[in-house]
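Since the structure comes first, as structure tokens, the remarks are kept for the end.
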Number of protein chains: 2
Amino acid sequence: MNRKTIMLGVAGDSASGKTTISKGIAEALGAENVTVICCDHYHKYNRVQRRELGLSALHPDCNYIDIMEQHFRLLREGQPILKPTYNHNTGDFDGPTYVQPTKYVIIEGLLPFHSRLMRLCFDVKVYLDPPEELRRAWKIKRDTSKRGYTHEQVLTSLQGRGDVSPRFIHPQRAYADMIVRFYPPDAAMDSGDSHLNAQLVLLPTLAHPDLSDVLSHGPNGPTHHPALRLDLARFEGKPADFLEIDGSVAPDKAEELMGIIRSHLPPNAGLDASKLGRYLYGLEERRSYPLALTQLLIAYHLVRTADQMAYATDRAVAPAAN
Amino acid sequence: MNRKTIMLGVAGDSASGKTTISKGIAEALGAENVTVICCDHYHKYNRVQRRELGLSALHPDCNYIDIMEQHFRLLREGQPILKPTYNHNTGDFDGPTYVQPTKYVIIEGLLPFHSRLMRLCFDVKVYLDPPEELRRAWKIKRDTSKRGYTHEQVLTSLQGRGDVSPRFIHPQRAYADMIVRFYPPDAAMDSGDSHLNAQLVLLPTLAHPDLSDVLSHGPNGPTHHPALRLDLARFEGKPADFLEIDGSVAPDKAEELMGIIRSHLPPNAGLDASKLGRYLYGLEERRSYPLALTQLLIAYHLVRTADQMAYATDRAVAPAAN
């Protein structure tokens, strides 16, 4: 595969935070360098047809999986695509959208890791896995404020999913390089998201930056942060690092860790860390360090991959040594 | 290029007879074996946007040429595409159409040979070149009867084309393997099309069946048909065979020539010649031998290419001889 772009996939159920995660990464890398695509437009049927067929829009049978495979591959090769455009308001299709991929491509959606050919296109695969109660709260908030649904309509939609999420969306977690779980520190659900903790499961399918020196537990750990913990454990049988970031982490401690991660990147990485961690709470922009660190650990892999590609290209065009 | 399908391109101006030519070939080869695609759906803008921009829908700048190149290549590789669908009634886009190519793919439209990458995808390239007066008559008849326009609207549309046809459509003739010109035998325009003569210019870019023995002029020609003539001449400087088929050709003579052409095809060619030459005149189906012979000479190349591909595949999988 003659790859030209660096591809990040962000999978997760509806309202699991995909857009928030992607947006900060895109802004930190420079909007002009990043193409963000939502892959939930590849429906086979419009809303009326789906109702007649009794099919959920989330079901793979309701989506052109083979065309997604093709389009992901084309984007990876740096080629443009004519992306279908599903209109949530009309429940039907608009004219297609021409997408010319840039250096980085972020594909977020419900089923980006559904098939092997789709998964093969990604350099980094992230799965968002908030607790179900938090996701429901996010979905109600978003769909009533931004998508014009009533509270009851959202509840009906949440119930109408049937077993599609556990059958097709959740299993994609097994293919992720990083699993992100934001969760509230206690029973208080609506504390404004800024105090949410994050648990990152870092699978060894990617070479994550080694944080064990700075974050390891135990009496000999040189800089032991109670609000930042790294634990070695198993995730579904596979060895993994569990990075815990408390929402209450002190800004200077979070910035220190971000600095350490950034020190592993090339000096000209072109990463604007001030864009990380930002999210909208209603109309107000807030900042979360767990979110910022999560985005940085993802962006880290994108920048490293870009650096490796540039190195490979340099070697390919360099004159042979005598 | 790992090609899987056999591709015919049929180019020509609006109402030049593309659909009629393609339909008979598709039916003769078996509708289940042939995918017919009109490539006039790849507009960048809908009607309102085009009006604002002052762009004709025929202009290459108004069409996704790069996506056509990509889709033609995918179809040639046997891969499905999600084809955009432009709706002439609404002047806007409908949901896209999923197209899984079959053994033969016919792509007809205004600009299928516009770029080199598009042209490279075709095994056979045909350009339809009726005299302008005949094309106008066809366009008025079709657009008033099938597309619901008034006579005046069609005339306005014909005038509104400006220089787009001579600039972008006509030049594609230079890339065709076969140029087809139906024309009336005399000044009578509306004799029902069944007496139209056909002139086929057969360029040596393809190995056309050798008809010189049966059709050569002169006193020693063994079977000289006054209504079927083959002349060697130059077409825009290039040597070419000019096959003239009079609309008045006797059915037995036409059938004889069709038999000779078919004798050059493999015995199991799967070509139903009875479907050739049929066209609708109003609601009535009629048959034209000039049309049938034209379609047969095109289908000949498709069947031969399929045979050569099968031979190449057989050789590739055959065990090496000891």
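In what follows, every chain begins at residue 1, and chains take the letters A, B, ... in the order their sequences are listed.
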Taking atom [atom1] of [X] as the centre, does the number of heavy atoms from other residues, nucleotides or ligands within less than 6.0 Å exceed 12?
| X | atom1 | value |
| --- | --- | --- |
| B/Lys139 | NZ | yes |
| B/Arg47 | CZ | yes |
| A/Arg50 | CZ | yes |

Is B/Gln70 reaching over with its side chain to a backbone N or O of A/Pro80, donor-acceptor style, under 3.5 angstrom?
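Yes: the side chain of B/Gln70 pairs with the backbone of A/Pro80.
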
Just checking heavy atoms, which of residues 60-67 of chain B are less than 4.5 Å from chain A?
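Expected list: B/Tyr64, B/Asp66, B/Ile67.
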
Considering only heavy atoms, give the residues of residues 82-99 of chain B separated from chain A by less than 4.5 Å, sorted numerically, with 'none' for an empty result.
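Heavy-atom contacts from residues 82-99 of chain B to chain A are B/Leu82, B/Pro84, B/Phe93, B/Asp94, B/Gly95, B/Pro96, B/Tyr98.
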
Taking atom CZ of B/Arg73 and atom CD of A/Gln79, what is their separation to the nearest 0.5 Å?
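Spacing of CZ (B/Arg73) from CD (A/Gln79) equals 5.0 Å.
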
